[in-house]
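Pasting a structure here, questions to come.
Being a predicted model, the structure only gives us computed values, none of them experimental. Ligands are counted one by one from 1 in listed order, and the atoms in each one are counted from 1 as well.
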Amino acid sequence: MRRHASRARASGAHADRRPIEKIDSSFSPGLSILAEVSAMAIRTILEFPDQRLRTRAQPVTQFDAELGHLIDDMFETMYAAPGIGLAATQVDAHKRLLVIDVSETRNEPLVFINPEILAREGVAETEEGCLSVPGIFDEVKRAERIRVRFQDRTGSVSERDFDGVLAICIQHEMDHLEGKLFVDYLSDLKRQRIRKKLEKERKQRAARAGDAVTRSGHTY
Ligand code: ZN
């Protein structure tokens, strides 16, 4: 999930404060740690109307190093975007896994594995944006408060109540795991306009990239 442009810019100023720095300071920085850090990667975020975003994610059953690697990459990708939440679906990894950080300081990373909403209360209408639908923001109605059961990266189970932007973000990201996007809540006409706008922007980006390659005089 992405905050509205003005707020995204404000939080972008803190994008360099990533949780990995906390890990750095708790160990003496050796080569093995550096190797591990450099192994982290920003993954490509799929964009609407990519059909892979419509995939239903499978439950996580193995809480192993590979899962840890995916979680680290997802945080790296989310902080770099910058976004406040990212579902595994968005990086083409179809597992029931979300990463979220709604803090202004960008240092409160939360992981939700196999999340389930146990209870919903109230209605909140919030302007949402999505890293898979760049530049588009619109109002969506969701539950105001939710109780969620989820696992952490070690597989340990928790049950917690959430409200405010965190509750909205969890619901937005959980939709991704079902192959659903926030634009699905909008009218067909609006969704069609968004699809056309994004396609046009992608073509313009591709054309600009082509120009750059031609100007540089090299063939890649
Ligand atoms: Zn999203």
Q. Is there a side-chain contact between T126 and H172 (heavy atoms, below 4.5 Å)?
A. no
Q | ILVMFWY cluster membership beyond I194 - transitive side-chain contacts under 4.5 angstrom | A |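 Traced through the cluster, I194 reaches L46, F48, L53, V133, I136, V140, L181, F182, V183, Y185, L186, L198.
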Q) Tally of protein N/O/S atoms under 2.8 Å from the Zn ion (ligand 1)? A) 3
Q | Pair listing, salt bridge (Lys or Arg N to Asp or Glu O under 4.0 Å) test, anchored in residues 160-172, at least two apart | A | R147-D161
Q: Specify whether F112 and F150 have parallel, tilted or perpendicular ring planes, treating 30° as the upper limit for parallel and 60° as the lower limit for perpendicular.
A: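 Ring orientation of F112 relative to F150: tilted.
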**Q.** The single option from D73, D92, T77 passing side chain to side chain donor-acceptor pair (under 3.5 Å) against R43
**A.**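 It is D73; the other options fail the test.
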Q | With sequence neighbours excluded, residues passing side chain to side chain donor-acceptor pair (under 3.5 Å) with E201 | A |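 In terms of side chain to side chain donor-acceptor pair (under 3.5 Å), with neighbours along the sequence ignored, E201 is linked to K197.
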